[in-house]
Amino acid sequence: MTFKGSYTVCVTPFDAQGRVDLDALRSYVDWQIEEGVHGLIPLGSTGEFLSLTREERTAVAEAVIQQAAGRVPVLIGTAAEWTDEAVSLSREAELLGADGVMLVPPYYSSPTDEELVVHFTRVAEALSIPVMLYNNPFTANVDLSAALVGRLSEVDNISYIKDTSKNVHRVTELLEACKGRMTVFAGYYPWESYLAGAEGYSSVVSNIAPKLSAQTFERTVDGSGEGRDLYVKSLPLINALAGDLYVSATKAAMQMIGRPMGEPRPPRLPLPQAKRAELETIMTDLGLLAEA
């Protein structure tokens, strides 16, 4: 199986008591697939994986995999600070039926390149499904350089990377360093990244506008020229969901489209009112607000 296209990095729904809402999650998975997304990635940063218990992470992974039922690929976020735990979570994801796993580097220890090679290699060697590296220097405190990713691409199963460096030229550097062994997914700026050679987008905006995100990919790679127009249309929302309040903003937007996913877990707080008003204006302009 080859991964390409717009993959939604899924929010984790909570009920009014702050518990994981698996019924809402299953409904969300069906809606996402009906809207045309090309894949799903639960338990990433937007999924608040660090605010879930181990049991909750298992329940979310199992629910998404079962509900997707092979209709689209599902990659499970299995990041952990301790390599053994990342291996355990990744093995569990494979046993549950995941098509791949996604791992951000250990996010507290600021590992060296050599430590990162050991970490990712041990996970990859424990699996028979692909590993997607997740480069997010803004939260993980390390930047996976093109040279390092080139080394990692020589490891069996490490064949994808989501790059959230905000440096579109990094796509070119990664493709050159990996010599055809790595598929690049954009974390930001999908349209420019597609033109540079990225074959996918790990999309936060797809939580709110899955069809728009999927069509941007499809109409860029088909050469019709419509992809840029769709991208420019979605860019205000992409930018509104970026930054430190990305989880709070995404959940506020989900409520605005009539698919409430609860509040984020502490220490995150609901989106401040001023930011909420700005977001509502953008959503109104896109015609995404649910009818009262």
Side-chain angles (χ1 to χ4, degrees), residues 1-9 38-39 41 44-46 73 75-79 86 90 99-107 110-125 127 129-206 213 216-218 220-221 223 227-228 231 235 238 242:
M1 178 181 293
T2 301
F3 308 145
K4 61 188 298 185
S6 176
Y7 279 46
T8 307
V9 283
H38 305 113
I41 309 177
S45 305
T46 304
L75 280 67
I76 302 297
T78 55
S90 299
D99 299 291
V101 299
M102 183 180 76
L103 286 100
V104 74
Y107 25 79
S110 300
T112 65
D113 281 5
E114 295 307 317
E115 290 170 336
L116 287 166
V117 168
V118 169
H119 178 76
F120 289 124
T121 299
R122 285 186 180 172
V123 174
E125 289 179 343
L127 304 175
I129 56 176
V131 171
M132 176 182 282
L133 306 176
Y134 175 14
N135 183 38
N136 191 339
F138 307 103
T139 59
N141 300 316
V142 294
D143 187 6
L144 302 180
S145 68
L148 173 59
V149 175
R151 289 177 61 189
L152 289 167
S153 72
E154 297 177 359
V155 178
D156 287 345
N157 289 348
I158 301 181
S159 45
Y160 295 86
I161 182 168
K162 170 188 175 181
D163 185 73
T164 312
S165 66
K166 288 192 172 183
N167 175 6
V168 174
H169 180 59
R170 180 67 64 84
V171 175
T172 301
E173 294 177 327
L174 288 167
L175 293 173
E176 287 294 311
C178 297
K179 303 184 187 306
R181 296 185 297 266
M182 187 78 75
T183 298
V184 177
F185 271 57
Y188 283 111
Y189 310 131
W191 182 75
E192 295 94 334
S193 297
Y194 296 150
L195 296 187
E199 296 183 48
Y201 175 32
S202 181
S203 177
V204 176
V205 75
S206 186
S213 187
T216 300
F217 170 78
E218 293 162 1
T220 299
V221 299
R228 183 181 185 281
Y231 172 59
L235 197 52
I238 290 173

Q | Which residues share a side chain to side chain contact (heavy atoms under 4.5 Å, CB included) with Asp113, sequence neighbours left out | A | Leu116, Leu148
Q: Pick out which of Asn136, Val149, Leu174 makes a side chain to side chain contact (heavy atoms under 4.5 Å, CB included) with Leu144.
A: Val149
Q. What residues, two or more places apart in sequence or in another chain, satisfy side chain to side chain contact (heavy atoms under 4.5 Å, CB included) together with Ser90?
A. Thr78, Val101, Leu103, Val123, Leu127
(Q) If the condition is salt bridge (Lys or Arg N to Asp or Glu O under 4.0 Å), which residues does Glu199 pass it with, not counting sequence neighbours? (A) none
Q: Please name all residues satisfying salt bridge (Lys or Arg N to Asp or Glu O under 4.0 Å) with Glu154, sequence neighbours left out, ordered by chain then number.
A: Arg181
Q) Does Tyr134 have any ring pair (Phe, Tyr, Trp, His ring centres under 6.0 Å) partners at least two apart in sequence or in another chain, and if so, which? A) none
Q | Non-neighbouring partners of Thr164 that pass side-chain hydrogen bond (donor to acceptor under 3.5 Å, both in side chains), sequence neighbours left out | A | none
(Q) Just verifying a value: how many Å separate Arg228 CZ and Tyr194 OH, rounded to the nearest 0.5 Å? (A) 15.5 Å
Q: Taking side-chain hydrogen bond (donor to acceptor under 3.5 Å, both in side chains) as the test, write out the residues that go with Thr220, two or more places apart.
A: none
Q: List for me each residue that meets side-chain hydrogen bond (donor to acceptor under 3.5 Å, both in side chains) alongside Asn141, sequence neighbours excluded, and say none if there are none.
A: none
(Q) Working to the nearest 0.5 angstrom, can you tell me the gap between Ser203 OG and Lys162 NZ? (A) 9.0 Å
Q. Out of Leu133, Ile161, Val131, which residue meets the side chain to side chain contact (heavy atoms under 4.5 Å, CB included) rule with Leu152?
A. Leu133
Q | Partners passing side-chain hydrogen bond (donor to acceptor under 3.5 Å, both in side chains) against Asn135 (at least two apart in sequence or in another chain) | A | Asp143, Asp163
Q | Pairing residues for Tyr188 by the ring pair (Phe, Tyr, Trp, His ring centres under 6.0 Å) criterion, not counting sequence neighbours | A | none
Q) What's the verdict on side chain to side chain contact (heavy atoms under 4.5 Å, CB included) for Phe3 and Asp99, showing C-alpha distance, side-chain angles and the deciding distance? A) CA-CA 9 Å; Phe3 308 145; Asp99 299 291; 4.0 Å; yes
Q | Sidechain-backbone polar pair: Tyr201 side chain, Ser213 backbone, donor-acceptor under 3.5 Å | A | no
**Q.** Contact summary for Val9 and Ser202, nearest pair of heavy atoms
**A.** CG1-OG, 2.8 Å
Q: List in chain and number order the residues that pass ring pair (Phe, Tyr, Trp, His ring centres under 6.0 Å) with Tyr7, two or more places apart in sequence or in another chain; answer none if no residue qualifies.
A: Phe185
Q) In chain order, what residues pass the ring pair (Phe, Tyr, Trp, His ring centres under 6.0 Å) check against His119, with sequence neighbours excluded? A) none
Q.
Please report the interatomic distance NZ(Lys4) to CZ(Phe217), rounded to the nearest 0.5 Å.
A. 5.0 Å
